[in-house]
Amino acid sequence: MTATSVRGIDHIGVTVPDLETATLFLVRAFGAEVRYDTLRRQDGPNGGPDVERRLGVPAGTQQLAIRMLALPGGGPGIELFEFQGPRREPPALPCDFGWQHVALYADDLDAAVRDCVAAGASLLAEAQPLPGPEAGEHNRFAYLRTPWGSTLQLLTYPDPQPWRHTASGGTGTWPTDPARPPALS
């Protein structure tokens, strides 16, 4: 294994149908703070072959607005994008390929769920205990849908998690699933 210069998640990019509505949700639900607008609506749209090539989007796609927000506590930023163009698919569901949800840690899971629902999210099911290697008496999670349909997970794990004691060296990687053959190189 080689060392890497990657230190962590800087920000998460989310395409939304309306930048202002999504901003309002994130501010109300999480206390997010607007840092800056990379592309203000009055300065856009931004499109053309360079944008299409750089982002891998269909011809005719234009960026209407881009905004960076920060979560409290020094977590990763959330970069919101609003596009127009020939293709706009609904958000991925957890069963679809690709990045399928964002998980945010909450000290008070019940309060975080209430704040999200009050801000316009839909709770998919009541909070559940974290399973197996993440279990602990007070370790729980809940899934919600944002107003624009993306999947959001809120979780808390104030109790020690069993995986930390069974992983290589207490902090290393999780052992390979013995039921699956090793990957071919």
Side-chain angles (χ1 to χ4, degrees), residues 7-47 51 55 57 61-85 87-131 134 136-159 161:
R7 296 179 54 187
I9 294 174
D10 177 76
H11 69 273
I12 299 159
V14 182
T15 298
V16 297
D18 180 85
L19 190 87
E20 298 305 328
T21 301
T23 298
L24 188 59
F25 170 76
L26 293 169
V27 167
R28 286 181 176 168
F30 305 117
E33 178 181 308
V34 174
R35 292 291 183 180
Y36 53 85
D37 286 344
T38 306
L39 176 63
R40 298 179 311 165
R41 188 175 307 281
Q42 62 266 29
D43 297 334
N46 186 19
V51 168
L55 299 177
V57 294
T61 301
Q62 295 182 317
Q63 297 172 316
L64 299 180
I66 305 170
R67 175 173 292 153
M68 183 65 78
L69 294 94
L71 294 174
I78 298 178
E79 187 175 24
L80 299 178
F81 294 83
E82 186 178 337
F83 287 90
Q84 71 178 11
R87 177 180 162 172
R88 293 190 49 161
E89 298 289 330
L93 297 177
C95 57
D96 296 328
F97 291 124
W99 306 109
Q100 48 121 312
H101 75 274
V102 172
L104 301 176
Y105 187 89
D107 290 321
D108 183 338
L109 181 67
D110 297 322
V113 166
R114 280 192 305 273
D115 290 347
C116 286
V117 169
S122 301
L123 181 63
L124 297 179
E126 293 300 318
Q128 304 290 312
L130 281 169
E134 299 174 331
E137 184 180 350
H138 301 100
N139 299 351
R140 301 181 305 133
F141 72 99
Y143 282 100
L144 302 97
R145 289 265 191 268
T146 65
W148 57 89
S150 292
T151 303
L152 171 67
Q153 180 185 23
L154 298 175
L155 71 159
T156 190
Y157 42 90
D159 296 328
Q161 295 179 310

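Note that this is a predicted model, so its numbers are computed, not measured.
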**Prompt:** Is D110 close to R140 at the side-chain level, that is, under 4.5 Å between some pair of heavy atoms?
**Reply:** yes

**Asked** How many angstroms lie between atom CG of L152 and atom SG of C116, to the nearest 0.5 angstrom?
**Response** 5.5 Å

**Message:** With a 4.5 Å cut-off on side-chain heavy atoms, are D96 and Q100 touching?
**Reply:** no

**Message:** Check for me whether the distance between the ring centres of Y157 and F141 falls short of 6.0 Å.
**Reply:** no

**Item:** Charged N-O contact under 4.0 Å between R40 and D43
**Value:** yes

**Request:** Output yes when a side-chain donor or acceptor of Q153 lies under 3.5 Å from a complementary backbone atom of Y143, and no otherwise.
**Result:** no

**Asked** Under a 4.5 Å cut-off applied to non-hydrogen side-chain atoms, are L71 and L69 in contact?
**Response** no

**Message:** Could you report the tightest heavy-atom contact between R41 and L19, atom names first, then the distance?
**Reply:** NH2-CB, 4.1 Å

**Message:** Is the shortest side-chain heavy-atom distance between V102 and I78 below 4.5 Å?
**Reply:** no

**Prompt:** Is a side-chain N or O of N46 found less than 3.5 angstrom from the main chain of Q63, in a donor-acceptor match?
**Reply:** no

**Item:** Exam field: side chain N139 to backbone L130, donor-acceptor pair closer than 3.5 Å
**Value:** no

**Prompt:** CD of Q128 to CG of L109: how many Å apart, nearest 0.5 Å?
**Reply:** 10.5 Å

**Request:** State, yes or no, whether a side-chain contact exists between L55 and F83 at a heavy-atom distance under 4.5 Å.
**Result:** yes

**OG1 on T23 to CZ on R28, rounded to 0.5 Å** = 11.5 Å

**Item:** From H101 atom NE2 to L104 atom CG, the distance as rounded to the nearest 0.5 Å
**Value:** 9.5 Å

**Request:** In sequence, state the C-alpha distance, the side-chain angles, and the governing distance for Q161 and E134, and then conclude on side-chain hydrogen bond (donor to acceptor under 3.5 Å, both in side chains).
**Result:** CA-CA 5 Å; Q161 295 179 310; E134 299 174 331; 5.0 Å; no

**Item:** Heavy-atom pair with the smallest gap, counting every atom of A119 and P147
**Value:** O-CG, 4.5 Å

**Item:** For D159 against G136, the heavy-atom pair lying closest together
**Value:** OD2-C, 3.6 Å

**Message:** Salt bridge check, E20 against R67: does any charged N sit closer than 4.0 Å to a carboxylate O?
**Reply:** yes

**Message:** Can you give me the closest heavy-atom contact between L144 and A121, atom names plus distance?
**Reply:** CD2-CB, 4.1 Å

**Request:** Find out whether T156 and D107 are in side-chain contact, i.e. whether some heavy atom of one side chain is under 4.5 Å from a heavy atom of the other.
**Result:** no

**Message:** I'd like to check P17 versus R88 (side-chain heavy atoms, cut-off strictly below 4.5 Å). Are they in contact?
**Reply:** yes

**Request:** Mark yes or no for whether S150, through its side chain, and T146, through its backbone, hold a donor-acceptor pair below 3.5 Å.
**Result:** no

**Item:** Side chain proximity check, T61 to V51, heavy atoms < 4.5 angstrom
**Value:** no

**Prompt:** CD of Q42: more than 12 outside heavy atoms within 6.0 angstrom?
**Reply:** yes

**Nearest-0.5 Å distance that lies between atom OG1 in T151 and atom CG in L124** = 7.0 Å

**Request:** Might you work through the side-chain contact (heavy atoms from CB on, under 4.5 Å) test for L123 and V113, ending with a clear yes or no?
**Result:** CA-CA 8 Å; L123 181 63; V113 166; 3.9 Å; yes

**Complete:** Between the CG atom in L64 and the CG atom in L39, the distance rounded to the nearest 0.5 Å is 8.0 Å

